[in-house]
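In what follows, a single structure is set out as structure tokens and then discussed.
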Amino acid sequence: MKKKLKIAGILLAIMIVYLGFTNYPKLDLISGFSAKSIASGYFIGHRTQQMIESGDNDIKLINLASNTINEKEHYATTSVYGLKERKAIYREGLGVTLINNDFDLSKPYLVPKRIRLNSNLPYPFGNNQPKDTVFATIDYSKLEKAVEGAFDKKGEKNKRTRSLLILYKDKLIAEKYDSGFDKNSMILGWSMTKSLTATYFGILQKQGKIDINSPAPIAEWKNDKRSKITINDLLHMNSGLEWEEKYDKICDATLMLFEAEDMSKVQREKPLVGQPNESWNYSSGTTNLLSGILRNQFKTQQEYLDFWYSSLIDKIGMDSMLLETDMAGNYVGSSYAWATTRDWGKFGLLYLHKGNWNGEQLFDENWAKYVATPTKTSNGRYGGHFWLNAGGKYPDAPKDLYYASGFQGQKIFIIPSKDLVIVRFGLTEDEVFDFNKLLKDILGSISK
């Protein structure tokens with residue numbers, strides 16, 4: 001018996017050493033994710049620590065983290081079994097930034113200037129109470145059933161939908177929130193932010209300030225094969241640059257989001273592993289490189305910070321939206337935009353109307369066609385920083401559907417042929433949540 005216990009003890013010790021050896025490098029990323037999530041969820045989303053930990057942070061390994069919030073000094077700290085402590089700070093106007101030990105907290109910083117229109121129009125074109133509109137073409141009992149079907153029943157934790165909003169012919173026809181959320185709740189869009197970032201290139205192109213078909217203005221690329229990469233290639237995720245994007249491991253994407261000081265540099269430093277315009281590969285690093293390119297369009301940091309709001313966000317009354325920055329002051333264009341479900345709906349409606357908002361054309365009509373046109377080698381899945389249904393991912397939805405998509409199933413579906421925008425927030429991906437059924441059921445409630 002003693003011999004067996006001794007052997008079992010040795011095996012246990014070996015297992016502990018092995019798990020520690022294989023997982024220790026991940027601890028920095030685990031605590032980094034958790035600290036950022038806790039601080040943003042608390043100071044921006046105004047959710048309790050318990051709600052964040054049981055919701056946003058209910059992810060394998062992330063749930064090992066221990067979190068502490070300092071409400072007075074606006075930061076959160078996280079460690080895993082007392083190891084690899086990370087800190088995320090909240091700054092009004094810039095949101096939450098995950099910092100390292102070299103970050104100078106005493107250094108002054110700029111914040112974007114906001115110009116809120118305070119429109120008296122009803123939602124969605126303004127912020128007043130939406131008008132009650134009844135469409136003869138809608139079977140409201142079917143619509144209600146479709147909406148209810150997207151949410152968990154009491155006691156369930158499967159679909160994990162937080163909010164669902166449907167706009168039809170410019171009217172709000174359905175809106176529902178899970179417990180703890182309402183129309184004022186700020187929710188992180190994750191990679192839906194990519195579609196927002198790309199839109200600024202459409203705006204600058206309309207203003208005649210940029211040509212997306214020109215070579216990417218990266219000094220380090222001028223003397224090698226990367227000089228052939230265009231802004232268009234970057235917008236199509238088709239640059240041929242090396243990049244790995246897998247969130248269940250240490251990779252380029254997780255190292256960038258949870259360790260990099262300047263996220264705009266990470267993709268810029270990668271070598272070519274394919275041919276530009278022939279090597280589609282999804283990359284958050286590419287989007288943050290594009291954010292850096294946007295920064296270089298302006299003479300000052302203040303102009304860069306202001307432009308993202310003044311040219312788009314404030315123009316369409318997305319008053320709730322907040323963009324978060326990295327340690328170098330770049331907007332994290334790949335991942336970190338927060339807004340209410342209603343304001344995210346406005347962004348979808350802007351594209352439904354091909355860039356026209358209350359009579360003002362923010363980007364050319366053909367830009368909406370551009371982002372919804374399949375990227376070469378993407379098999380109809382991807383366009384200009386928007387995902388597409390051209391390849392039939394959702395078989396019961398029209399092929400002209402295109403959408404902004406984020407981690408854990410954040411979606412803005414734009415369906416021009418049906419005059420529809422559908423926004424869904426939650427904590428489940430396509431592999432778990434049946435988005436095709438949701439789309440089919442909503443479309444099935446509308447006869448025309």
Side-chain angles (χ1 to χ4, degrees), residues 19-45 47 49 51-70 73-91 94-105 188-191 193-194 243-267 269 283-285 287-288 291 322-338 406-408 410 427:
L19 290 172
F21 178 78
T22 55
N23 287 301
Y24 185 78
K26 297 179 182 177
L27 298 187
D28 205 38
L29 303 182
I30 294 169
S31 54
F33 180 104
S34 189
K36 171 69 178 60
S37 177
I38 289 288
S40 291
Y42 186 83
F43 293 110
I44 300 173
R47 300 197 282 275
Q49 181 174 339
M51 189 176 180
I52 302 164
E53 289 174 341
S54 63
D56 308 75
N57 286 17
D58 185 18
I59 302 171
K60 186 179 179 181
L61 295 183
I62 303 300
N63 54 16
L64 299 176
S66 297
N67 309 290
T68 302
I69 296 172
N70 187 317
E73 297 185 33
H74 298 122
Y75 69 80
T77 55
T78 296
S79 65
V80 184
Y81 302 125
L83 302 171
K84 293 289 187 178
E85 183 174 275
R86 300 295 302 278
K87 185 175 186 177
I89 61 168
Y90 170 76
R91 295 175 291 176
L94 298 180
V96 169
T97 302
L98 184 65
I99 63 172
N100 58 27
N101 293 331
D102 297 326
F103 189 82
D104 186 357
L105 288 168
L188 176 61
W190 282 110
S191 286
T193 312
K194 290 180 173 68
W243 189 263
E244 184 180 34
E245 184 115 3
K246 293 183 178 180
Y247 291 98
D248 59 350
K249 59 179 289 189
I250 296 173
C251 69
D252 294 324
T254 52
L255 287 171
M256 176 188 67
L257 288 173
F258 306 116
E259 289 192 357
E261 294 183 25
D262 185 339
M263 297 191 199
S264 73
K265 290 183 177 180
V266 184
Q267 180 75 94
E269 296 168 349
S283 164
S284 290
T287 312
N288 288 327
S291 180
L322 177 67
L323 299 165
E324 297 181 288
T325 60
D326 63 15
M327 285 182 270
N330 304 298
Y331 287 126
V332 185
S334 67
S335 313
Y336 291 158
W338 290 73
F407 176 59
Q408 294 188 313
Q410 324 314 323
L427 295 172

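The chain is numbered in sequence order, starting from 1. Since this is a predicted model, take the numbers as computed values, not measurements.
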Exercise for review: Give the intermediate values and the outcome of side chain to side chain contact (heavy atoms under 4.5 Å, CB included) for residues Ile44 and Leu322.
Suggested key: CA-CA 8 Å; Ile44 300 173; Leu322 177 67; 3.7 Å; yes

For the residue pair [X] and [Y], what are the closest heavy atoms and their distance?
X	Y	result
Gln49	Tyr42	N-CD1, 4.4 Å
Arg86	Ser31	CG-OG, 3.1 Å
Ser284	Lys194	OG-NZ, 2.8 Å
Met327	Ala260	CE-O, 3.6 Å
Met256	Gly285	SD-CA, 3.7 Å
Ser264	Asp326	N-OD2, 4.3 Å

Measuring from [X]:[atom1] to [Y]:[atom2], what's the distance to the nearest 0.5 Å?
X	Y	atom1	atom2	answer
Ile59	Ile30	CD1	CD1	11.0 Å
Thr254	Lys26	OG1	NZ	10.0 Å
Leu94	Leu323	CG	CG	10.0 Å
Ser79	Lys87	OG	NZ	14.0 Å
Ile250	Leu255	CD1	CG	6.5 Å

Point to revise | Flag, side chain of Asn70 to backbone of Tyr75, donor-acceptor distance under 3.5 Å | key: no

Review point. Within the side chain of Thr97, is there an N or O that forms a donor-acceptor pair under 3.5 Å with the backbone of Thr325?
Key: yes

**Study point:** Check: Glu324/Trp338 side-chain N/O donor and acceptor closer than 3.5 Å
**Key:** yes

**Study point:** Test item: side-chain donor near acceptor, Gln267 and Asn288, under 3.5 Å
**Key:** no

**Study point:** With sequence neighbours excluded, residues passing side chain to side chain donor-acceptor pair (under 3.5 Å) with Thr77
**Key:** none

Practice item. Identify, with sequence neighbours excluded, every residue that meets side chain to side chain contact (heavy atoms under 4.5 Å, CB included) alongside Asp104. Key: Ser106, Lys107

Revision key, fill the gap. Side chain to side chain contact (heavy atoms under 4.5 Å, CB included) filter on Asp56, not counting sequence neighbours, yields Ser37, Arg47, Ile52, Arg162

Please report, to 0.1 Å, the donor-acceptor pairs under 3.5 Å made by any side chain of residues 60-68, with sequence neighbours excluded.
residue: Asn67; atom: OD1; partner: Ser34; partner atom: OG; Å: 2.6
residue: Asn67; atom: OD1; partner: Thr78; partner atom: OG1; Å: 2.7
residue: Asn67; atom: ND2; partner: Glu53; partner atom: OE2; Å: 2.9

Point to revise | Under the ring pair (Phe, Tyr, Trp, His ring centres under 6.0 Å) test, residues paired with Phe258 that sit two or more places apart | key: Phe33

Point to revise | Listed partners of Phe407 passing ring pair (Phe, Tyr, Trp, His ring centres under 6.0 Å), at least two apart | key: Trp190, Tyr247

Practice item. May I have the step-by-step check of side chain to side chain contact (heavy atoms under 4.5 Å, CB included) for Met263 and Asn330, ending in yes or no? Key: CA-CA 8 Å; Met263 297 191 199; Asn330 304 298; 5.8 Å; no

Check your understanding: Quick one: is the NZ or CZ of Lys36 closer than 6.0 Å to the six-membered ring centre of Tyr336, and within 45° of its axis?
Key -> yes

**Study point:** Chi angles and distances behind the side chain to side chain contact (heavy atoms under 4.5 Å, CB included) call for Val332, Thr193
**Key:** CA-CA 8 Å; Val332 185; Thr193 312; over 6 Å; no

Check your understanding: If we only count heavy atoms from C-beta on, is the Leu105 to Ile89 side-chain gap below 4.5 Å?
Key -> yes

**Study point:** Parallel, tilted or perpendicular: ring planes of Phe43 versus His74, cut at 30 and 60 degrees
**Key:** perpendicular

**Study point:** Stepwise side chain to side chain contact (heavy atoms under 4.5 Å, CB included) test for Ser335 and Leu257
**Key:** CA-CA 9 Å; Ser335 313; Leu257 288 173; 3.7 Å; yes

